[in-house]
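Everything on this sheet refers to the single structure shown next.
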Amino acid sequence: MTDTSAHKPDFAALRNQFPILSREVNGKPLVYLDSAASSQKPQLVLDAVHAAYAETYSNVHRGLHFLSEASTDAYEAVRGKVANLLGAPSHDEVIFTSGATMSLNLIAQCHGPLVVGEGDEILITVAEHHANIVPWQMLAQRVGAKVVAAPVGKDGSFDIELFKTYINSRTKLIALPHVSNVLGTVFPITELSEIARNAGASFVVDGCQGCIHMPVDMAALGCDFYVFSGHKLYGPSGIGVLWGRAELLAEMPPFMGGGDMIDVVEIERSTYAAPPHRFEAGTPPIVEVIGLGAAIDFVQSIGMDHIYQHEAALIAYGHERLADVKGLNFIGEADGKSGVISFTLDAAHPHDISTLIDQDGVAIRAGHHCAQPLMTFFDVSSTARASIGLYSQESDFDVLATSLEKVNRIFG
Ligand code: PLP
């Protein structure tokens, strides 16, 4: 939550801190519009990862030598940075996982059976990433519950009144995205938290596309769990975060058994460590965590509010620019949308679009975006998706639009 940046940052200069963005692809300057899948990394993160291996590397916890203590300190310090980014009351509420997918599975397996039983319902929407669908289906199968999905509007907007009609006395857990990875729709988490609380349901927020684009504050959002992946926040891959309310984490059984998550181990039985270590069995992703810490320092030095404003203006520009492309149909036009622009083109299949514009150095994603139910809902097999990061610029959309016109000429 800390915003150390008093003045408007120079985003063009910040872009220069991402080495990969100056490379060419297919003989053309790279236009990277695939940040929703994974963002590029600033030099500062690359340096932090290098230094962690070159200068302080050792396994964490229990070591009594200099390097182990240095590594442990660096690793544990990142819990505080994450808590600060999320506005979480305590660093002990921050659990490191391998990614958002693991975080959601952990919640489904360890918290799910405590609140969802036979005949109960788990409420999601049709706009979920598979990572926020499949773990709930697995939970439902395990306990004899049912997954129910509320629709979104045809323009991708979220209708909270309609959503409420899907809640009933059997609804025990609600799991929603902060921001849809296909539609860009921003879900009203604060209002939804109150609705979930009144319904007596746990509320899980898939923040993968949320906290990377805007300031967040767990106290204000009011949810019970919030998850995200480090690789979408300019950090390394292989590191994710699960934030959960202390009282809920305290009552959850371990996820995996092994070293580091125990208190006392005997042959017949073991007792477990308190959260967060209860949920971090085995050697954790030490360097990835340290890299995530550097990424958090980076975005906080810019200010999440500045990043939000910069990206909101870019998304508006992108829409305006792409609206001029003949035969282009937007999938997701909700007010205040964030981060992504999904579309189809009358003339060509999304896969052909992506392959062709790659020749111009333009990287977008084409496919179902791990959201097959949403594709079914919109009656398409796939979409093309351009997505941005803080380093994105208006000219990225200019090049994309020109390249799409070329696709139109080839297929037209
Ligand atoms: N949820 C959303 C909304 C996403 O966009 C993604 C990744 O694209 C995920 C979950 C899964 O993230 P990961 O693959 O890093 O675990």
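Note that the numbering runs from 1 along the sequence shown for the chain. Values in this document were obtained by computation on a predicted structure and should not be read as measured data. Whatever order the structure lists them in is the order used to number ligands and atoms, beginning at 1.
A tilted orientation is assigned to the rings of F187 and F158, their planes being inclined by 30° to 60°. Between H130 and H368, the ring-plane angle classifies as tilted under the 30° and 60° cut-offs.
Of the inter-residue distances, the one linking F378 atom CZ with N329 atom CG reads 12.0 Å to the nearest 0.5 angstrom. Rounded to the nearest 0.5 Å, atoms CD1 (I122) and CG (L139) are 4.0 Å apart.
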Checklist entry - Can you list the steps and then say if T283 with N59 is a side-chain hydrogen bond (donor to acceptor under 3.5 Å, both in side chains)? => result CA-CA 7 Å; T283 297; N59 209 333; 3.0 Å; yes

Could you go through ligand 1 and note, for every N or O atom, any protein N or O atom closer than 3.5 angstrom, writing the atom names and distance to 0.1 Å, or 'none'?
from: ligand 1; atom 1: 1 (N); to: D206; atom 2: OD1; distance (Å): 3.2
from: ligand 1; atom 1: 1 (N); to: D206; atom 2: OD2; distance (Å): 2.5
from: ligand 1; atom 1: 5 (O); to: Q209; atom 2: NE2; distance (Å): 2.7
from: ligand 1; atom 1: 8 (O); to: H129; atom 2: NE2; distance (Å): 3.4
from: ligand 1; atom 1: 8 (O); to: K232; atom 2: NZ; distance (Å): 2.5
from: ligand 1; atom 1: 15 (O); to: S229; atom 2: OG; distance (Å): 2.6
from: ligand 1; atom 1: 15 (O); to: H231; atom 2: NE2; distance (Å): 2.7
from: ligand 1; atom 1: 16 (O); to: A100; atom 2: N; distance (Å): 3.4
from: ligand 1; atom 1: 16 (O); to: T101; atom 2: N; distance (Å): 2.9
from: ligand 1; atom 1: 16 (O); to: T101; atom 2: OG1; distance (Å): 2.6

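Residues passing the side chain to side chain donor-acceptor pair (under 3.5 Å) test with E24: none are found, sequence neighbours excluded.
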